[in-house]
There are 2 protein chains.
Amino acid sequence: MERPPRSLLSSRAEDYLEAIYILSQKGKPKVRELARRLCVSPSSVVEFLRRLSEQGYVIYKKGGEIRLTEKGLEVARKIYNRHVVLTEFLTYIGVPRDIAEIDACRIEHLLHDETVERIIEFMRRKMESEP
Amino acid sequence: MERPPRSLLSSRAEDYLEAIYILSQKGKPKVRELARRLCVSPSSVVEFLRRLSEQGYVIYKKGGEIRLTEKGLEVARKIYNRHVVLTEFLTYIGVPRDIAEIDACRIEHLLHDETVERIIEFMRRKMESEP
DNA sequence: TTATATATTTAGGCGTGCCTAGCATAGGGT
DNA sequence: ACCCTATGCTAGGCACGCCTAAATATATAA
């Protein structure tokens, strides 16, 4: 029974960073939007943002702009890429898109880098053999 | 951002049930063995067992035998089967066995039934085309 | 400008899982 | 019987993530 190290970023923290990343593509992320997207109350978002900013993953002063630091951006991009890859993969093997999205969200934080690599390679082989 | 329903069995509860199930194959599960397997202290196991027994998943009286109820057995078997399937699948696509085991453990609780079905089907097709 | 609506923040609290420290109980060995 | 060790249990406490209710800030309308 291996368990993820407690000291690093939690799955939930990665969710928050990813959500900020995605919302940043389309404008300035708001507390309210983050709350909706993450299915939590706005107050939970504020609290989480405070912690993430203490740890240097986001820039956030109350009332101010919400923005990822370089460190936060790195994590967010990694998770987001995993999300995309996993969703593609699951739909490829026949999982309906909506379910694939949900499951990708859930496991994107947990897989070993090695595993994600193998999945990427698997998809690459498929793309080559099926034009 | 879909999240698992809070009212049902947590991932961790499923881990406990699965561990009890596996240890039951080889004898009577002990608190100590469960603790080792789940990487927690014995006191955490005792506490968890109390809750699981209140909820009708295990039979457990302090000092007594630890045993799954029918209800607990059903969950444990389902999770264990998922574990096996996912491990097979991951090794098939090239993930080293030890990593496959770990990742299977982590995601076995989270995937939609539909997704697991698709993975099983995928493996079945492979087995047919590659004797 | 004042009133109202919306967005954000603070305060206080809760459930889950985990821990350590200390107590209890059971078995062996001498 | 006694001591010693292993095992199990109880008590108390902690971190994480979440919530509601109430306070404050900001934007919009009258």
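Below, read A as the first sequence line, B as the second, and so on, with proteins coming before strands; counting in each chain starts at 1. Side-chain atoms are counted along with the backbone in the values below, which use heavy atoms only and exclude waters and symmetry mates.
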Asks: Among residues at least two apart in sequence or on other chains, which ones pass side chain to side chain contact (heavy atoms under 4.5 Å, CB included) with A/Ile22?
Replies: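 A/Ile22 satisfies side chain to side chain contact (heavy atoms under 4.5 Å, CB included) with A/Glu18, A/Arg37, A/Tyr80 only.
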Asks: Please state how far atom CD in A/Gln55 lies from atom C1' in D/dC16, giving the value in whole angstrom units.
Replies: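 Interatomic distance, CD of A/Gln55 to C1' of D/dC16: 11 Å.
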Asks: Under 4.0 Å: is that the gap between some side-chain N or O of A/Ser41 and OP1 or OP2 of D/dC19?
Replies: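 The answer is yes; a side-chain N or O of A/Ser41 sits under 4.0 Å from OP1 or OP2.
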Asks: For a quick check, with a 4.0 angstrom heavy-atom cut-off, what is the B/S/- contact string for nucleotides 21-28 of chain C, read 5' to 3'?
Replies: --------
Asks: Run the side chain to side chain contact (heavy atoms under 4.5 Å, CB included) test against A/Glu70 and tell me which residues pass, sequence neighbours left out.
Replies: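 Once residues adjacent in sequence are excluded, the partners of A/Glu70 under the side chain to side chain contact (heavy atoms under 4.5 Å, CB included) criterion are A/Leu73, A/Arg77.
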Asks: Of A/Tyr16 and B/Lys61, whose nearest nucleotide on DNA chain D comes first from the 5' end?
Replies: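 Per heavy-atom nearest nucleotide, the more 5' residue is B/Lys61.
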Asks: Can you sort out which residues in residues 23-34 of chain B have a heavy atom within less than 4.0 Å of DNA chain C? Ascending by number, please.
Replies: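 The stretch gives none, as no residue of it lies under 4.0 Å from the strand.
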Asks: Rounded to whole angstrom units, what separation is found between the CZ atom of B/Arg12 and the C1' atom of C/dC18?
Replies: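 One finds 9 Å between C1' of C/dC18 and CZ of B/Arg12, rounded.
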Asks: For A/Ser10, give me all partners under side-chain hydrogen bond (donor to acceptor under 3.5 Å, both in side chains), at least two apart in sequence or on another chain.
Replies: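 Here no residue qualifies.
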Asks: For B/Ala35, enumerate each residue passing the side chain to side chain contact (heavy atoms under 4.5 Å, CB included) test, keeping only those at least two apart in sequence or located in another chain.
Replies: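 B/Pro42, B/Val45.
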Asks: Measure from CD on B/Glu14 to P on C/dT16 and round the result to the nearest Å.
Replies: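 Result: 15 Å.
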Asks: For B/Leu49 and C/dT16, give me the distance from atom CG to atom P, rounded to whole Å.
Replies: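 Roughly 16 Å, once rounded to whole Å.
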Asks: Output all residues satisfying side chain to side chain contact (heavy atoms under 4.5 Å, CB included) with B/Lys71, sequence neighbours left out; order by chain, then residue number.
Replies: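 Side chain to side chain contact (heavy atoms under 4.5 Å, CB included) check on B/Lys71 returns B/Tyr57, B/Thr69.
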Asks: Rounded to whole Å, how long is the line connecting atom CD of A/Glu54 with atom C1' of D/dG17?
Replies: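 Atom CD in A/Glu54 sits about 15 Å away from atom C1' in D/dG17.
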Asks: Taking only distance into account, with no hydrogens and no angle test, what donor-acceptor pairs under 3.5 Å do side-chain atoms of residues 47-55 of chain A form with protein atoms, sequence neighbours excluded?
Replies:
residue : atom : partner : partner atom : Å
A/Arg50 : NH1  : A/Glu54 : OE2          : 3.3
A/Ser53 : OG   : A/Arg50 : O            : 3.2

Asks: What's the spacing between B/Ile107 CD1 and A/Ile107 CD1 if we round to 0.5 Å?
Replies: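 Here the interatomic distance stands at 4.5 Å.
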Asks: Around atom CD of A/Glu65, are there more than 12 heavy atoms from other residues, nucleotides or ligands closer than 6.0 Å?
Replies: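 More than 12 heavy atoms, drawn from other residues, nucleotides or ligands, come within 6.0 Å of this atom.
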Asks: Show me the pairs that pass ring-ring contact (aromatic ring centres under 6.0 Å, His included) and involve residues 97-117 of chain A, at least two apart or across chains.
Replies: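 Those involving residues 97-117 of chain A do not exist here.
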Asks: In residues 82-89 of chain B, what donor-acceptor pairs under 3.5 Å come from side-chain atoms, sequence neighbours left out?
Replies:
residue : atom : partner  : partner atom : Å
B/Arg82 : NH1  : B/Glu108 : O            : 2.9
B/Arg82 : NH1  : B/Leu111 : O            : 2.9
B/Arg82 : NH2  : B/Leu111 : O            : 3.0
B/Arg82 : NH2  : B/Asp113 : OD1          : 2.8
B/His83 : ND1  : B/Glu108 : OE1          : 2.8
B/His83 : NE2  : B/Glu101 : OE1          : 2.8
B/Thr87 : OG1  : B/His83  : O            : 2.7

Asks: Calculate the interatomic distance between A/Arg50 atom CZ and C/dT9 atom P; express it in whole Å.
Replies: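 My rounded result for the distance is 11 Å.
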Asks: Check the interface with nucleotides 22-29 of chain D: list each N/O to N/O pair with the protein under 3.5 Å, or write none.
Replies:
none

Asks: Check this one for me: any side-chain N or O of B/Tyr60 less than 4.0 Å away from OP1 or OP2 of D/dG8?
Replies: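 Checking D/dG8 against B/Tyr60, no side-chain N or O comes under 4.0 Å of OP1 or OP2.
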Asks: Measuring from the side chain of B/Ser44 (C-beta onward, heavy atoms only), which nucleotide among C/dT9, D/dG17, C/dC18 has the closest atom?
Replies: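 It is C/dC18.
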Asks: Name all residues meeting the side-chain hydrogen bond (donor to acceptor under 3.5 Å, both in side chains) criterion together with A/Glu114; count only those two or more places apart in sequence or in a different chain, and write none if there are none.
Replies: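 So A/Glu114 forms a side-chain hydrogen bond (donor to acceptor under 3.5 Å, both in side chains) with A/Arg118.
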Asks: Answer with yes or no after comparing the ring centroid distance for A/Phe122 and B/Phe122 against a 6.0 Å cut-off, counting only values under it.
Replies: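 Yes, ring centres under 6.0 Å apart.
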Asks: How many whole angstroms separate atom CZ of A/Phe48 from atom C1' of D/dC16?
Replies: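 Nearest whole value for this atom pair: 8 Å.
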Asks: Would you say the side chain of B/Glu47 and the base of C/dC18 hold a donor-acceptor pair, judged only by whether the two atoms sit under 3.5 Å apart?
Replies: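 When only heavy-atom distances are counted, B/Glu47 does reach the base of C/dC18 through a donor-acceptor pair under 3.5 Å.
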Asks: When the distance from CZ of B/Arg51 to P of D/dT10 is rounded to whole Å, what number comes out?
Replies: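 So the two atoms are 14 Å apart, to the nearest Å.
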